[in-house]
K.L.:
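Below you will find the structure I want to go over with you.
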Amino acid sequence: MGSGGNKVSKSHMEEKKITHQRAPTSKPPFTLRQIKKAIPPHCFNRPLLRSFSYVLFDLTLSFLLYKIATSYFHLLPHPLLPYISWPIYWILQGCMLTSVWIIAHECGHHAFSDYQIVDDVVGLLLHTALLVPYFSWKYSHRRHHSNIGSMERDEVFVPKPKSKMPWYNNYFNNPPGRLLVILVTLTVGWPLYLAFNVSGREYDRFTCHYDPNGPIFSNRERLQVYISDLGIMSAIYVLYKIVMAKGFVWLVCVYGVPMIVVNVCVVLITYLQHTHPSLPHYGESEWDWLRGALATVDRDYGVLNKVFHNSTNTHVVHHLFSTIPHYHAMEATNVLKPILGEYYSFDATPIWKALWREARECLFVEPDEDGAQNGVFWYRNKF
């Protein structure tokens, strides 16, 4: 019994070391060219038929879930069974639609096929069906990849310095307040980011993904933002027609609640990929692209890793080489782990435990107290 206790204690200490030890901030002993050469060339291949097979698989499962819910739930023999069946449907359908969302995200990175027009058409159709302005987010997300880890230029999940924290934030730095912030962030954080740039980069005027003239976009991108807006308006019109034909409650049950699950999954995944007590952020004097790209973390979602096309546990490689399709990303990750060494971040902490920890410990950033690296910022939680 004593031996077993020692094993548990040792395991706990190892996990604590892995999850809290600061990631290195010095210049890596390798270059992007060197690590790219280590990846098997086929990992950069994007065969069109294989990519479409994942779209077909995800949409087929999504349709089967829809068909089961709308054709059989009302036939269940016990009146209480629908109250069990519908929540199960919402969770499963939300996860399947998240997998569709992830493929559309790959289209925006030109990781779906060798043909940009195919990627954009597929991405536009899939993201529009999920009420995402495809081109608008494609461009802002591209800038996130170009400026990852920069305090001044990153586009999303940009932590605030302590001096810029709102005065009321300290009132939420307790378990009930923290729970409220998590619930609001997971359920409406994604649409608030798209509509009002909440948690995004600070601009000198109002910023919105639906505004073609907004500061996020360049002149050559504005036409495609209009196309995205037209797609969203078309989707809203289709939803309106469905309400007229089927009723509002029907739409909420079949589509609305699963879309909330999609919002939860998207925010949960992306938040935990970019937020961790061990990850640095860089000011202008210290930032460079490679160190910024390495300031992300892979997570373990168990069986959902496969459901979410391994976007959860291959994010570091995704930031290094965003055109690698998801079905090659795991192989590329396994190849690069020993090369990246301590520059590779992975945390196997259970997801809900990690979410609570990050919400508690990663409130704002400050440079080291000794001032040795004023351009390197670390998460803090003490006001």
Side-chain angles (χ1 to χ4, degrees), residues 11 13-44 102 105-106 109 111 144-150 154 157 159 268-282 286-302 304-306 308-351 353-355 357-358 361-362 365 373 376-379:
S11 173
M13 289 299 292
E14 287 177 351
E15 178 185 332
K16 187 174 181 180
K17 179 180 178 183
I18 292 171
T19 57
H20 285 80
Q21 183 178 352
R22 283 183 173 181
T25 59
S26 57
K27 184 177 180 179
F30 46 78
T31 65
L32 187 66
R33 182 187 296 272
Q34 288 171 335
I35 57 179
K36 185 176 183 179
K37 285 183 177 180
I39 299 175
H42 71 264
C43 287
F44 294 92
I102 289 166
H105 154 261
E106 282 205 342
H109 282 292
H144 159 63
H145 272 255
S146 299
N147 300 285
I148 173 69
S150 167
D154 200 352
F157 290 120
L268 176 67
I269 292 169
T270 53
Y271 172 75
L272 290 180
Q273 286 168 338
H274 297 94
T275 309
H276 195 281
S278 71
L279 293 181
H281 284 76
Y282 298 96
E286 290 284 341
W287 182 85
D288 64 64
W289 184 85
L290 183 56
R291 285 193 292 171
L294 292 169
T296 59
V297 59
D298 288 347
R299 305 275 188 171
D300 184 8
Y301 285 68
L304 288 178
N305 288 332
K306 288 294 184 184
F308 296 151
H309 299 304
N310 291 110
S311 65
T312 48
N313 57 344
T314 62
H315 194 67
V316 175
V317 161
H318 173 66
H319 263 284
L320 292 171
F321 306 103
S322 60
T323 59
I324 292 179
H326 68 268
Y327 42 83
H328 291 318
M330 199 69 245
E331 180 181 356
T333 295
N334 290 332
V335 168
L336 289 189
K337 279 180 185 179
I339 299 172
L340 299 180
E342 62 179 346
Y343 287 86
Y344 173 76
S345 297
F346 177 84
D347 190 349
T349 303
I351 293 305
K353 180 179 177 181
L355 176 63
R357 181 192 65 199
E358 267 60 302
E361 298 187 15
C362 303
V365 291
Q373 285 183 304
V376 181
F377 294 78
W378 299 96
Y379 281 109

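Just so it is clear, the structure is predicted and the values come from calculations on it, not from any experiment. Along the sequence shown, residues are numbered consecutively beginning with 1.
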K.L.:
To the nearest 0.5 Å, how far apart are NZ in Lys306 and CG in Leu304?
P.N.:
12.5 Å
K.L.:
How close do Asp300 and Ala348 get, heavy atom to heavy atom, and via which atoms?
P.N.:
CB-CA, 4.4 Å
K.L.:
Please tabulate, one pair per line, all N/O donor-acceptor pairs under 3.5 Å involving side-chain atoms of residues 325-339, not counting sequence neighbours.
P.N.:
unit_1: His326; atom_1: ND1; unit_2: Glu106; atom_2: OE1; d: 3.2
unit_1: His326; atom_1: ND1; unit_2: Glu106; atom_2: OE2; d: 3.4
unit_1: Tyr327; atom_1: OH; unit_2: Ser51; atom_2: OG; d: 2.8
unit_1: His328; atom_1: NE2; unit_2: His42; atom_2: O; d: 3.3
unit_1: Glu331; atom_1: OE1; unit_2: His42; atom_2: NE2; d: 2.9
unit_1: Glu331; atom_1: OE2; unit_2: His42; atom_2: NE2; d: 3.1
unit_1: Thr333; atom_1: OG1; unit_2: Ala329; atom_2: O; d: 2.9
unit_1: Asn334; atom_1: ND2; unit_2: Met330; atom_2: O; d: 3.3

K.L.:
Name the one of Trp287, Trp378, Phe377 that satisfies side-chain contact (heavy atoms from CB on, under 4.5 Å) with Pro280?
P.N.:
Trp378
K.L.:
Using the side-chain hydrogen bond (donor to acceptor under 3.5 Å, both in side chains) criterion, which residues pair with His281? Sequence neighbours excluded.
P.N.:
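Result, side-chain hydrogen bond (donor to acceptor under 3.5 Å, both in side chains) vs His281: none returned.
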K.L.:
Are Arg299 and Asn313 side-chain neighbours, meaning at least one heavy-atom pair lies under 4.5 Å?
P.N.:
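A side-chain contact is absent here, since even the closest heavy-atom pair is not under 4.5 Å.
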K.L.:
Establish, from distance only, whether the side-chain atoms of Tyr343 and Ser26 form a donor-acceptor pair under 3.5 Å.
P.N.:
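Yes - a donor-acceptor pair under 3.5 Å links their side chains.
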K.L.:
I need the minimum non-hydrogen distance between Thr270 and His274, along with the two atoms involved.
P.N.:
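So the minimum-distance heavy-atom pair works out to O-ND1, 2.9 Å.
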K.L.:
Can you find a pair of side-chain heavy atoms, one from Asp347 and one from Arg357, that are under 4.5 Å apart?
P.N.:
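Heavy-atom side-chain distance check passes, below 4.5 Å.
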K.L.:
Check Pro277 against Glu361 and note the closest heavy-atom contact, atom names and distance.
P.N.:
CG-OE1, 3.5 Å
K.L.:
Which heavy atom of Ile324 sits nearest to which heavy atom of Ala111, and what is that distance?
P.N.:
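Heavy atoms only, the tightest pair is O-CB, 4.0 Å.
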K.L.:
Indicate the ring-plane relationship of His318 and His315, choosing parallel, tilted or perpendicular according to the 30° and 60° boundaries.
P.N.:
tilted
K.L.:
Step by step, work out the side-chain contact (heavy atoms from CB on, under 4.5 Å) result for Leu355 and Tyr271.
P.N.:
CA-CA 9 Å; Leu355 176 63; Tyr271 172 75; 3.8 Å; yes
K.L.:
Let's go through Asp288 and Tyr282 carefully: what are the C-alpha distance in whole Å and the side-chain angles of both, what is the deciding distance for side-chain contact (heavy atoms from CB on, under 4.5 Å) to 0.1 Å, and is it a yes or a no?
P.N.:
CA-CA 8 Å; Asp288 64 64; Tyr282 298 96; over 6 Å; no
K.L.:
Taking atom types as modelled, is there a side-chain donor on Ser311 or His309 under 3.5 Å from an acceptor on the other?
P.N.:
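Result is no, nothing qualifies.
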K.L.:
Drop me the distance from Ser278's OG to Tyr379's OH, to the nearest 0.5 angstrom.
P.N.:
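With rounding to 0.5 Å, OG (Ser278) is 10.0 Å from OH (Tyr379).
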K.L.:
Kindly indicate, with the supporting measurements, whether the criterion side-chain contact (heavy atoms from CB on, under 4.5 Å) is fulfilled by Leu320 and Leu340.
P.N.:
CA-CA 11 Å; Leu320 292 171; Leu340 299 180; 4.2 Å; yes
K.L.:
In Å, rounded to the nearest 0.5 Å, how long is the span from OG1 of Thr275 to CZ of Phe157?
P.N.:
6.0 Å
K.L.:
Could you tell me which non-hydrogen atom of Asp298 sits nearest to which non-hydrogen atom of Thr314, and how far apart they are?
P.N.:
OD1-C, 3.5 Å
K.L.:
Could you pull out the closest heavy-atom pair between Gly149 and Asp154, with the gap in Å?
P.N.:
N-OD2, 3.2 Å
K.L.:
Nearest 0.5 Å, what's the NE2-CG distance between His319 and Leu294?
P.N.:
10.5 Å
K.L.:
Between atom OG of Ser322 and atom NE2 of His144, what is the distance when rounded to the nearest 0.5 Å?
P.N.:
10.5 Å
K.L.:
Taking only residues two or more places apart in sequence, or in another chain, which ones meet Phe321 in a ring-ring contact (aromatic ring centres under 6.0 Å, His included)?
P.N.:
Phe44
K.L.:
Do the side chains of Ile269 and Thr312 get nearer than 4.5 Å, heavy atoms only?
P.N.:
yes
K.L.:
When you compare the side chain of Leu272 with that of Val297, does any pair of heavy atoms fall below 4.5 Å?
P.N.:
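No. Closest side-chain heavy atoms not under 4.5 Å.
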K.L.:
Out of curiosity, Ile351 CD1 to Tyr301 OH, how far, rounded to the nearest 0.5 Å?
P.N.:
4.0 Å
